[in-house]
There are 2 protein chains.
Amino acid sequence: MIKTSTASTLLAIATSYLFLFITAPPPKSTYHSLFLSDSLSDNASIARHLHTLTRRPHVAGSEANAEAAAYVLSVLTSLDIPSHIASYKVALTYPLSRSLQLLPTNPPPEPPTTFALRQEIYDGDPYADVADEVLPTFHAYAKSGSASGPVVYVNYGRVEDYMTLREIGVNVSGTVVLARYGKIYRGDIVNNAYEEGAIGVVIFTDRKDYGGAGEARWFPDDKWMPPSGVQVGSVFNGVGDPTTPGWASRDDDEDECERLSKDEVEREGDIPLIPSLPVSGADGEKIMRSIGGPLAEDDWQGSKDAPAYRVGPGPAILNLTYTGEQVLAKIENVIGVIKGAEEPDRYVILGNHRDAWTFGAVDPNSGTAALLEVAQRLGELQKRGWKPRRTIILCNWDAEEYGLIGSTEWVEENREILASRAVAYLNVDCAVSGPGFHALATPQLDELIKRAAQQVKDPDNSSLSIYESWAGSGGSPLFGRLGGGGSDYAAFVQHVGIPSADFSFGGGFAGYPVYHSMYDDFIWMKKFGDPMFHRHVAAASVWGLVALWLADEEFLPFDYLSYAKELQVSAKSLEDQISNKDISLSPLFKSIKELEKAAIILNYERKAIEERKGWIARWKKEQLKVRELNDRLMMAERAFTDRDGLFGMSWYKHLIYGPSKHNDYGSQAFPGIDDAVKMAENLKTKESWHRVQHEVWRVSRAIRHASLVLMGQLT
Amino acid sequence: MIKTSTASTLLAIATSYLFLFITAPPPKSTYHSLFLSDSLSDNASIARHLHTLTRRPHVAGSEANAEAAAYVLSVLTSLDIPSHIASYKVALTYPLSRSLQLLPTNPPPEPPTTFALRQEIYDGDPYADVADEVLPTFHAYAKSGSASGPVVYVNYGRVEDYMTLREIGVNVSGTVVLARYGKIYRGDIVNNAYEEGAIGVVIFTDRKDYGGAGEARWFPDDKWMPPSGVQVGSVFNGVGDPTTPGWASRDDDEDECERLSKDEVEREGDIPLIPSLPVSGADGEKIMRSIGGPLAEDDWQGSKDAPAYRVGPGPAILNLTYTGEQVLAKIENVIGVIKGAEEPDRYVILGNHRDAWTFGAVDPNSGTAALLEVAQRLGELQKRGWKPRRTIILCNWDAEEYGLIGSTEWVEENREILASRAVAYLNVDCAVSGPGFHALATPQLDELIKRAAQQVKDPDNSSLSIYESWAGSGGSPLFGRLGGGGSDYAAFVQHVGIPSADFSFGGGFAGYPVYHSMYDDFIWMKKFGDPMFHRHVAAASVWGLVALWLADEEFLPFDYLSYAKELQVSAKSLEDQISNKDISLSPLFKSIKELEKAAIILNYERKAIEERKGWIARWKKEQLKVRELNDRLMMAERAFTDRDGLFGMSWYKHLIYGPSKHNDYGSQAFPGIDDAVKMAENLKTKESWHRVQHEVWRVSRAIRHASLVLMGQLT
């Protein structure tokens with residue numbers, strides 16, 4: 001017999017269910033379709049956002065960038081997305097004085113050239129009145145000091161370029177090297193030069209790579225870099241505020257945060273110890289004309305109409321002086337939070353940075369405009385009753401250009417919570433610099449991204465989906481991986497092990513030659529990058545849709561079979577590389593097999609839960625089962641990290657994807673193994689090959705740990 | 001309007017609720033009371049378990065220990081607790097040959113003494129027939145080799161003892177030191193001697209500490225160590241298999257696991273580099289008589305009737321030889337799992353080791369018997385319908401004596417899963433060596449343990465609860481902390497950051513002088529340790545009750561206010577210690593304040609959820625809210641760990657509780673700060689005090705991270 005109170009309780013339950021039925025919102029998929037609909041997409045609004053954001057140069061720490069932060073905050077707040085600013089005090093550098101002189105010593109002695117080091121304003125430039133707010137061209141964190149010595153041309157300044165120079169008997173010790181931008185991160189150009197004994201570095205944007213060689217037109221007539229255009233940028237080889245390695249640069253009050261002294265920062269080894277300057281293509285060619293010695297190899301040459309490139313040393317002398325000031329600047333990350341209705345403690349994080357070297361129309365505010373477009377559409381969905389299952393966090397980072405600082409400090413501060421709650425991080429830096437979709441991702445996201453790309457039309461060919469254009473004639477799209485420290489995903493994936501992705505349209509220097517110059521402005525975007533802002537719309541569509549699925553789907557749409565497949569490919573390629581060495585890769589292949597098996601078993605389990613879904617399945621017990629399975633999917637990526645991190649780069653904890661030691665932009669699977677192999681090939685000792693085997697073991701153990709997590713079982 | 005199918009679904013729900021009502025099991029608290037009831041407690045069964053487990057000496061890797069494992073497995077299985085063996089192949093050492101000669105050089109020259117190094121069997125010893133299965137007395141992982149030199153008496157072999165010796169002009173370089181057991185871990189005795197330049201170490205169990213000084217009786221007539229009794233043990237200063245530091249020693253097949261070579265192990269620095277031997281009290285006194293030189297200080301002297309202790313060096317020469325063999329032995333952890341009905345992916349783990357140096361009646365099988373008693377009572381609860389909310393895991397570790405190896409390898413293998421799922425680890429090593437309850441715990445468990453101690457009667461005074469006896473006249477019980485690497489909790493708390501506790505009755509060498517000798521057998525326990533086995537019953541009651549509450553209570557019974565209070569005490573004591581130094585502790589005090597605040601806020605949140613509890617609250621959404629709050633409680637402890645670990649001891653990740661550098665048994669709050677202070681006091685340089693400040697910052701950041709986790713909010 002049921003007591004009356006029980007009966008009335010049952011009635012109460014029935015009533016509340018009834019209530020649910022009558023007021024039940026439409027299924028999530030309805031909202032997802034709505035998100036992609038034309039009615040919610042707004043290219044005009046994107047253009048307005050971009051125009052507003054790029055009115056003034058807004059380098060990190062500047063008043064203009066604080067204004068831009070206030071703008072982003074106001075837009076998010078107006079959309080009913082609770083938002084705040086997470087600020088940090090970090091060490092940034094600005095240029096105080098620069099000089100570069102060329103002293104030709106060819107007979108007859110020519111007068112010295114003093115370079116102006118100034119980017120030219122073109123006739124009719126609407127930004128002429130704020131051009132003096134652009135920082136003088138410089139390298140952030142460059143060593144202050146002077147260097148004077150014969151100049152040597154070192155091509156892209158890679159390790160292999162110095163090997164080539166050694167082969168023809170050219171020693172760069174004591175010289176000032178001239179490198180061209182392009183293949184590797186500029187911080188590595190300076191560091192490689194330092195390691196070779198150079199005393200100063202000058203880097204130029206070669207016409208061959210940035211000037212549309214042979215064509216006589218450049219911005220504002222064409223997309224190419226003008227002859228006076230200079231790519232500025234950071235030469236810091238670390239990540240985050242250099243004075244707070246591994247911890248957050250808090251901004252509470254004066255004594256709130258430990259900081260390394262200048263000496264300690266230098267001992268950390270990520271700050272250049274010789275001065276450097278970036279120069280224009282024109283200045284680079286002028287210097288090149290003064291270099292004698294052997295003719296450089298064919299592939300070291302510039303464009304057809306450039307002077308013949310010789311390697312030196314000298315006879316010309318380069319006389320370089322740079323003085324920078326280091327300041328403790330306030331930086332501001334804008335954080336907007338759409339709280340999850342069912343799982344508020346699971347985070348899907350979207351991030352883009354706001355700070356720019358100059359106007360930042362492509363880099364990064366095309367991404368910021370796309371972020372605000374995503375926010376607007378989500379705001380619209382909210383108005384119509386949508387609530388995400390999981391929490392969606394929109395982040396607008398600061399000081400990315402200096403060394404991924406805003407995102408890194410925030411991740412370091414929130415590391416423990418992010419490690420246990422973050423489902424995925426989705427980055428967009430330059431959303432648009434031209435046509436053509438690109439994606440980088442940790443491989444469990446591949447299938448999801450493909451699915452999203454199938455749902456969105458190619459903005460440059462409306463008869464095809466993005467997926468179809470992306471896949472091309474091969475029928476299969478190419479994913480990049482997140483090895484290099486190229487953007488704000490680094491702290492998420494490489495420091496904490498959060499599944500991550502990065503999206504863009506365009507890409508490559510050939511498509512976006514004005515990168516990091518003062519010509520990266522709204523006019524360039526309007527004329528060459530995305531005249532109709534349809535690419536921006538498409539970028540926001542893919543970005544937002546991937547986020548929506550991650551936030552709303554009951555089961556996390558992660559596919560670890562893709563991961564296992566991708567690892568298998570990387571392992572095979574490693575096998576080819578070291579086939580003649582006495583290194584056993586069998587633990588590696590075995591661990592990948594285990595991961596594959598775990599992924600298959602997990603998929604079965606998911607199916608089993610889905611099949612018994614229905615009314616009863618919505619009860620608490622089943623909810624916790626779904627959660628348990630999702631947690632395994634979420635945490636498996638963490639297991640690819642190791643607390644010791646990469647050898648000699650211990651901040652990088654991820655053993656599968658990380659930067660290569662001599663090129664921070666390089667994306668390398670198994671970076672620890674790769675680095676050990678390079679070292680062993682160099683040293684040729686038994687010990688160095690033994691270390692390769694050790695690194696193979698480390699990676700194998702990490703993959704095995706990931707499969708244990710996927711299985712969700714203790715041994 | 002409701003459609004028919006909906007109506008019938010509602011009916012189905014109502015019916016299933018009705019079903020719940022009719023068959024609903026009694027509340028959890030009923031089972032918890034039952035767990036403590038006399039009807040379920042069984043001292044006779046505990047005695048039988050202990051008797052069976054201690055029939056033969058069962059050192060790790062021996063056949064006898066495999067038999068013991070099979071016994072534990074069979075008991076658990078018979079109770080319907082699904083159990084299995086998790087085995088590893090690890091490097092253990094056994095003695096092959098030992099010799100110790102004393103060559104007195106006092107005039108008139110006496111003949112050399114060759115020590116027998118044998119523990120004597122007493123008349124009527126029921127274990128006489130298996131006494132030859134006891135390993136010859138030795139130190140596990142001692143360096144094989146010979147050492148011959150004048151003997152120096154170094155008291156307990158602590159750093160401060162060598163300072164005393166230096167003050168009176170005694171240099172131990174090139175000597176064989178004689179130390180007595182007691183104040184510090186024996187591995188540190190050997191290491192300290194090595195660092196002072198000694199070439200060999202002999203350690204004896206002094207009558208003053210182990211012999212019941214002045215009394216003429218010893219085992220089997222009294223509890224004291226017989227004159228021939230020797231404390232054996234490990235001198236390894238690391239944790240886990242020395243050949244697999246930081247990773248699991250898997251036992252799949254031959255090539256399944258990376259292993260360090262002998263040289264690499266020695267380079268790791270945790271294996272002694274000079275030979276050592278343990279000797280009996282009688283042998284120690286004999287050597288003492290041959291030492292001349294200055295009389296040792298008063299507190300270095302032995303018992304009244306012992307010879308006068310002089311420090312040497314010499315004139316006697318000690319001639320020591322030890323040869324051990326290192327084998328790759330199979331060890332077996334027995335793991336039993338009672339799956340949680342609602343949160344199977346949250347683990348409450350109970351652990352005790354099984355391997356013993358000899359018979360192991362106290363150490364460790366009093367704990368194993370208690371574990372089996374807990375298992376029996378849980379089995380009984382299961383029969384009566386109880387199912388834990390969370391999963392309870394019963395672990396019986398192997399090779400603890402060699403260096404916490406069984407538990408460490410298991411934790412290293414399962415680290416990622418444990419880090420995201422383990423609620424708490426509850427250790428019992430020696431459950432009983434005498435009267436008097438002791439608890440060590442991470443402080444969020446203090447209140448829970450007190451509560452349990454209030455529920456259980458003192459086995460030695462039935463008019464008082466354990467709590468009342470434990471609190472004593474002061475009214476407040478004293479908790480120890482989990483700093484030292486004294487037992488299997490090390491990997492859980494110090495490597496992963498899992499809230500942990502350790503329980504025992506008795507404790508201290510004075511209560512249990514036959515520690516690690518062949519006299520630690522069932523007879524000793526029956527006569528002196530726990531004649532009625534009521535202390536065992538009580539140990540099982542406290543242990544099991546704490547586990548039940550952790551497994552069953554909806555909200556995890558963790559109290560971080562206790563943690564904050566305890567940290568405040570430790571910080572105050574640090575402040576007193578370095579008050580005259582230019583070190584700012586304000587970040588430390590500030591972080592503790594933040595933790596306190598976070599704990600208070602969390603308590604309010606918990607109350608709020610509880611207050612709206614009721615029918616609706618049992619629905620999925622509320623369940624996930626409870627889970628979210630519990631996850632914060634569970635993960636806060638993890639935040640006290642740092643991926644870099646302690647300086648020079650990087651396996652130890654916990655910055656609040658960890659071993660002291662020169663005494664692995666020492667329990668020290670803020671071990672990193674403490675170590676840095678000691679070093680700075682020694683070096684007296686600006687840099688060394690700067691490192692103290694750095695360590696203060698590190699701890700402060702860890703505490704702040706813990707409060708962020710407790711708050712469950714991103715910045």
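Quick note on labels: first sequence line is chain A, next is B, and so on, each numbered from 1.
Chain B forms the most heavy-atom pairs under 4.5 Å with one residue out of A:V709, A:D644, A:L418, and that residue is A:V709. Ranked by heavy-atom pairs shorter than 4.5 Å toward chain A, the options B:M635, B:H690, B:R698 are led by B:H690. Your options are A:R627, A:R421, A:R638, and the one with the most heavy-atom pairs under 4.5 Å with chain B is A:R421. The residue among A:E343, A:K653, A:Q693 with the most heavy atom pairs within less than 4.5 Å of chain B is A:K653.
In plain terms, the two heavy atoms of A:E342 and B:L624 that are nearest each other are O-CD1, 3.4 Å. Of all non-hydrogen atoms in B:I417 and A:Q713, the two that sit nearest each other are CD1-O, 3.2 Å.
Of the two parts of B:H694, the backbone and the side chain both hold a non-hydrogen atom closer than 4.5 Å to a non-hydrogen atom of chain A. Of the atoms belonging to B:N333, not a single heavy atom falls under 4.5 Å from chain A. For chain A, the nearby part of B:E264 is the side chain; its heavy atoms alone come within less than 4.5 Å. For B:A86, the part lying near chain A is the side chain, with the backbone staying farther off; criterion is any non-hydrogen pair under 4.5 Å.
Counting heavy atoms from C-beta on, the side chains of B:H705 and A:R415 come closer than 4.5 Å.
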A:L714 and B:E413: CA distance, side-chain angles, deciding distance, side-chain contact (heavy atoms from CB on, under 4.5 Å) verdict:
CA-CA 9 Å; A:L714 297 165; B:E413 179 158 34; over 6 Å; no
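Within the model, atoms CZ of B:R632 and CD of A:E416 stand 15.0 Å from one another, a figure rounded to the nearest 0.5 Å. In this structure, B:C257 SG and A:R701 CZ are separated by 7.5 Å, a value rounded to the nearest 0.5 Å. Of the inter-residue distances, the one linking B:W697 atom CH2 with A:R259 atom CZ reads 9.5 Å to the nearest 0.5 angstrom.
Neither side chain, B:D631 nor A:S420, offers a donor N or O lying under 3.5 Å from an acceptor on the other.
A search for ring-ring contact (aromatic ring centres under 6.0 Å, His included) contacts involving B:W651 returns B:H495, not counting sequence neighbours.
For the pair B:N414 (side chain) and A:T715 (backbone), a donor-acceptor distance under 3.5 Å is present.
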